[in-house]
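Below is one structure, written out as structure tokens; comments come after it.
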Amino acid sequence: MDKKEVARLIDGREYGYEPFMDVREVAKASGLVIVSGASDDLMEFDGAIYDEQGCFDGGVIYFDRHGAFGSDGYATNKIEALWCDKSALDENGNVITWTYKTDIPHETFMMYEDGEPYCRGIVFDMADVK
């Protein structure tokens with residue numbers, strides 16, 4: 001599978017415990033990473049990287065091929081988490097709780113909580129990671 005196929009497969013899911021368990025192994029075998037928000041303070045990585053990092057009220061998480069960590073250290077890869085960013089709206093004008101910015105080529109997908117927009121997550125390929 002490629003990142004576009006995985007993003008299409010998980011688009012529209014409801015937020016909950018382990019929302020990507022059914023695609024984790026396929027994503028991992030394909031070298032793909034799924035990034036999403038959890039609660040009000042976590043960025044979760046699933047698939048080829050399985051990790052989570054705190055980003056209460058948003059923030060930047062740095063990572064390498066082995067996992068994620070909160071400070072830049074030697075990592076050149078980063079994803080910025082945006083919490084309730086007023087410019088991050090769904091097609092109906094609702095603020096999306098979690099959105100992300102990164103220079104890594106990626107596809108996006110939407111997750112909902114009780115039918116409301118919760119997260120515009122991303123899927124990227126480890127082959128595109130520096």
Next on the checklist: Taking Trp83 as the starting point, is it possible to reach Val95 by hopping between hydrophobic residues whose side chains are less than 4.5 Å apart?
Outcome noted: no

Item to check | Main-chain N/O of Pro19 paired to Arg13 side chain as donor or acceptor, under 3.5 Å | outcome: yes

Checklist entry - In Å, rounded to the nearest 0.5 Å, how long is the span from CD1 of Ile10 to CE of Met111? => result 8.0 Å

Checklist entry - Considering all heavy atoms of both residues, which atom of Gly47 and which atom of Ala27 are nearest to each other, and what is their separation? => result CA-CB, 4.0 Å

Checklist entry - Between the side chain of Asp90 and the main-chain N/O of Asn92, is any donor-acceptor distance below 3.5 Å? => result yes

Next on the checklist: Between Phe63 and Asp51, is the side chain to side chain contact (heavy atoms under 4.5 Å, CB included) condition met? List the steps.
Outcome noted: CA-CA 10 Å; Phe63 66 96; Asp51 205 343; over 6 Å; no

Next on the checklist: Donor-acceptor pair, distance only, cut-off 3.5 Å: does the side chain of Tyr15 make one with the backbone of Ser39?
Outcome noted: yes

Item to check | Asn77 (side chain) donor-acceptor with Asp64 (main chain) under 3.5 angstrom | outcome: no

Next on the checklist: If hydrophobic clusters are built from ILVMFWY residues whose side chains come within less than 4.5 Å, do Tyr50 and Val33 share one?
Outcome noted: no

Next on the checklist: Could you measure the distance from the CE atom of Met43 to the CD1 atom of Ile61? Nearest 0.5 Å is fine.
Outcome noted: 5.0 Å

Checklist entry - Would you say Leu82 and Val60 are hydrophobically clustered, going by side-chain heavy atoms of ILVMFWY under 4.5 Å? => result no

Checklist entry - Should Val123 and Val26 be counted in the same cluster of Ile, Leu, Val, Met, Phe, Trp and Tyr side chains packed under 4.5 Å apart? => result yes

Item to check | Tyr112 with Val6, same ILVMFWY side-chain cluster at under 4.5 Å | outcome: no

Next on the checklist: With rounding to the nearest 0.5 angstrom, report the CD to CD1 distance, Glu107 to Ile34.
Outcome noted: 13.0 Å

Item to check | Shortest non-hydrogen contact between Ala81 and Cys55, atoms and distance | outcome: CB-SG, 3.9 Å

Item to check | Spacing of Leu42 atom CG and Glu52 atom CD [to the nearest 0.5 Å] | outcome: 4.5 Å

Item to check | Any side-chain heavy-atom pair of Glu113 and Thr97 under 4.5 Å | outcome: no

Next on the checklist: Does Asp103 have more than 12 heavy atoms from other residues, nucleotides or ligands lying within 6.0 Å of its CG?
Outcome noted: no

Checklist entry - Ignoring hydrogens and geometry, is there a side-chain-to-backbone donor-acceptor pair from Tyr100 to Gly37 under 3.5 Å? => result yes

Item to check | Verdict with supporting geometry, Val23 and Met1, side chain to side chain contact (heavy atoms under 4.5 Å, CB included) | outcome: CA-CA 10 Å; Val23 295; Met1 290 194 121; over 6 Å; no

Checklist entry - Just by modelled atom types, is the Lys78 backbone N or O under 3.5 Å from a matching donor or acceptor in the Thr102 side chain? => result yes

Next on the checklist: Ring centres under 6.0 Å, that's the criterion: do Phe20 and Phe109 meet it?
Outcome noted: yes

Next on the checklist: Determine whether a donor-acceptor pair (N or O, by modelled atom type, separation under 3.5 Å) exists between the side chain of Ser30 and the backbone of Leu32.
Outcome noted: no

Next on the checklist: If I take atom NE2 from residue His106 and atom CG from residue Asp125, how far apart are they, to the nearest 0.5 angstrom?
Outcome noted: 13.5 Å

Item to check | Reported CG-to-NZ distance for the pair Asp85 and Lys101, which is rounded to 0.5 angstrom | outcome: 6.5 Å

